[in-house]
Amino acid sequence: MRAVYLDNNATTRVDPAVVEAMIPLFTEHFGNASSMHSFGAAVSGTLKTARQRMQSLLGAEFDHEIVWTAGGTESDNTALLSAIETQGGRSEIVTTAVEHPAILNLCAWLEKSRGTKVHYIGVDSRGRLDIEAYRRALSPRTAIASVMWANNETGTIFPVETLADLAHEAGALFHTDAVQAVGKIPMDLKTSEIDLLSLSGHKLHAPKGIGALYVRKGVRLRPMIRGGHQERGRRAGTENAPGIVGLGMAAALAEAHLGEENTRVRALRDRLEKGLLHRIGNAFVTGDVDHRLPNTANIAFEYVEGEGILLLLNKAGIAASSGSACTSGSLEPSHVLRAMKVPYTAAHGAIRFSLSRDNTEADVDQVLEAMPPIIAQLRALSPFWAKEGGADRAFQPSYV
Ligand SMILES: *Cc1c(COP(=O)(O)O)cnc(C)c1O
C-alpha cells in the first residue's frame, strides 16, 4: 500500500536539496560564524546567502530585517513580548480567536500573570475576521495587533495588509503569524505596513527547530533570549548554521515553486475537495473558499467522529489531520471551528487535508477511493446518523 501524506500544515518533508545544502555545514564548514579564522568565514558567507534568499522570498527591503529563531513559536513569542515592553505606555494586545496556540496560550498567560488586556476578535461562519470589531478594539492603549496571515486549520487568508494599515492609524505595531502563508502565496513586505512577521522552517520543507522573525527596519526589538551579540543583539546564541542554510535553500525553492503551488497544487486540492463532496453527502467545506491557501481543504463530514476517520484513513495509508494537531486527543472540536460556529454534529467530523508540491494525482485518487466506504462504515455505527434516517443528501453545497 502506498503511503499518502496530506498533513503538510502540521509539518513537511525536508526537501532533498535542502538536506544537500546543509551537509557541508556539519562536515567541512563546521566553524563558528563569529570566529576570526577561515572556518568561521566559510560559515558567515553561507549565512549571508541564506539571509538574502529569505529576504527575496518575503520581499523585504533589507536582509538584516531577518532574525533567525528556533521556529514559529519563538518568533511569535518574541514579537508580542517585545511589543508590550517597547511601546511606552501602551500595553494592550489585539488578536483573533483563531490564532495558533503559540499566540493564544501566550496571551492567556499574559492575561493571567501580568493582567495584560487582550482583545480576541471573532470570525464569521466562513472564518472571515470581523473587521469592524478589530477597528473598534484598536485604541491609544494598543501596543500590538497580531493577526495570522493564513489559518492553519482552514487555510483562510486574512487581509493582513489592510489590518496593518488600521493598526498604524491607531499608533500600534502590527505582527502577523505567517507560518502557513510563507512559500504558499506571494508576499512583498516592502510595500506593506507589516512590522513583524513570523515564519517556520518545517512548514516549508526545511528542518524543524529553525525559523525567522522579520523585523521591519526601525522597529525596536527587545530580545527574548540574551547572551552573545549574534543577530545584531536581537537573538543570542551561536547561530544554527545548518538550519539557517537549510531554511535559506528552502526559501529559494519556495520562491521558484510559488507558481506551481498556485496552479498544480491548487488544482490537486480542488479535485480532492470536489471529488469528496461529489461522492459523500452531508459534507461541506469550512473556511473562506474565496480567500484560501492553495494547499488546504478542511471538510466537515456530519454525524461522524474525526478521530474515527483518521484511524481508518491511516489504515488505508493516508495521513491527514482533524484540525489542529495540538488539540487532537481532546473531545472538544477545534477552537477555530468553534469560533466559526460550525455545528457540533459537523465540527467533530472535520478533516484537514493539507497538500504540498510533493503530492501527486495518484495521492488524490487514493483518498477519493478510500473515503466513501470509511464515511459509510462510521455513519452506519452512528446513533445520530440513524436518527437522521440515514438520509444521504448528495451534492451538498459549501457551507455558508
Ligand atoms: C506550526 C505553526 C506555528 C508553530 O511553529 P513551530 O516552528 O512549530 O514552533 C505557529 N503558527 C502557525 C500558524 C503554525 O501553523
Side-chain angles (χ1 to χ4, degrees), residues 5-14 18 54 58 66-81 93 95-109 120 123 127 129 144 146-158 160 163 175-185 187 194 196-214 224-225 235 240 242-244 246-247 250-251 254 261 287-288 291-298 319-328 334-337 339 352-356:
Y5 186 76
L6 295 172
D7 201 10
N8 287 279
N9 287 10
T11 200
T12 55
R13 183 180 77 121
V14 179
V18 169
M54 185 54 76
L58 301 180
I66 313 296
V67 178
W68 303 114
T69 67
T73 302
E74 183 189 320
S75 299
D76 284 347
N77 274 251
T78 305
L80 264 55
L81 291 172
I93 296 172
T95 187
T96 81
V98 297
E99 297 296 310
H100 187 273
I103 295 288
L104 288 181
N105 286 341
L106 171 68
C107 287
W109 175 79
Y120 299 94
V123 296
L129 195 71
I144 190 166
S146 178
V147 178
M148 65 201 330
W149 198 313
N151 185 267
N152 45 305
E153 294 189 30
T154 63
T156 298
I157 294 172
F158 293 104
V160 285
L163 300 174
H175 165 256
T176 182
D177 175 340
V179 170
Q180 292 294 344
V182 171
K184 291 179 189 154
I185 53 175
M187 27 189 87
I194 293 164
L196 298 144
L197 173 146
S198 301
L199 66 95
S200 171
H202 75 100
K203 305 286 173 80
L204 75 146
H205 303 281
K208 294 154 188 68
I210 182 73
L213 178 64
Y214 159 87
M224 191 170 74
I225 298 183
R235 204 285 192 176
N240 173 1
I244 292 167
L247 182 45
E261 187 85 22
D288 184 356
H291 301 98
R292 209 159 42 131
L293 291 175
N295 80 316
T296 308
N298 190 311
S321 155
S322 58
S324 151
C326 316
T327 53
S328 69
S334 93
H335 68 284
V336 176
L337 300 183
R352 176 186 72 186
F353 300 98
S354 47
L355 288 74
S356 80

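Bear in mind the structure is a predicted one, so any value in this text is a computation, not a measurement. As the structure lists them, so they are numbered: ligands from 1, and atoms in each ligand from 1. Count residues from 1 along the sequence.
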So between Thr11, Thr73, Thr176, Asn9, whose heavy atom ends up nearest atom 4 (C) of ligand 1? Thr73
Can you tell which of Gln180, His100, His202 gets a heavy atom nearest to atom 3 (C) of ligand 1? His100
Hey, which atoms in ligand 1 end up nearer than 4.0 Å to a heavy atom of Gly71? 7 (O)
Any chance you could measure [X], atom [atom1], to [Y], atom [atom2], to the nearest 0.5 Å?
X      : Y      : atom1 : atom2 : value
Thr73  : Leu106 : OG1   : CG    : 10.0 Å
His175 : Ile103 : NE2   : CD1   : 5.0 Å
Leu163 : Thr176 : CG    : OG1   : 8.5 Å

Among all protein heavy atoms, pick out the one at the shortest distance from [atom]; state its residue, atom name and that distance to 0.1 Å.
atom                    : answer
atom 7 (O) of ligand 1  : Ser200 OG, 2.6 Å
atom 11 (N) of ligand 1 : Asp177 OD2, 2.7 Å
atom 1 (C) of ligand 1  : Lys203 NZ, 1.4 Å

Looking at ligand 1, does any of its N/O atoms fall within less than 3.5 Å of an N/O of Glu74? no
Would you say Gly72 has any N or O atom under 3.5 Å from an N or O of ligand 1, going by distance alone? yes
Polar contact flag, side-chain donor to acceptor under 3.5 angstrom, Asn9-Thr296: yes
If you measure only the distance, is there a donor-acceptor pair under 3.5 Å linking the side chains of Ser198 and Asp76? yes
Flag the pair Ile144 / Thr95 as yes when at least one side-chain heavy-atom distance between them is below 4.5 Å, and no otherwise. no
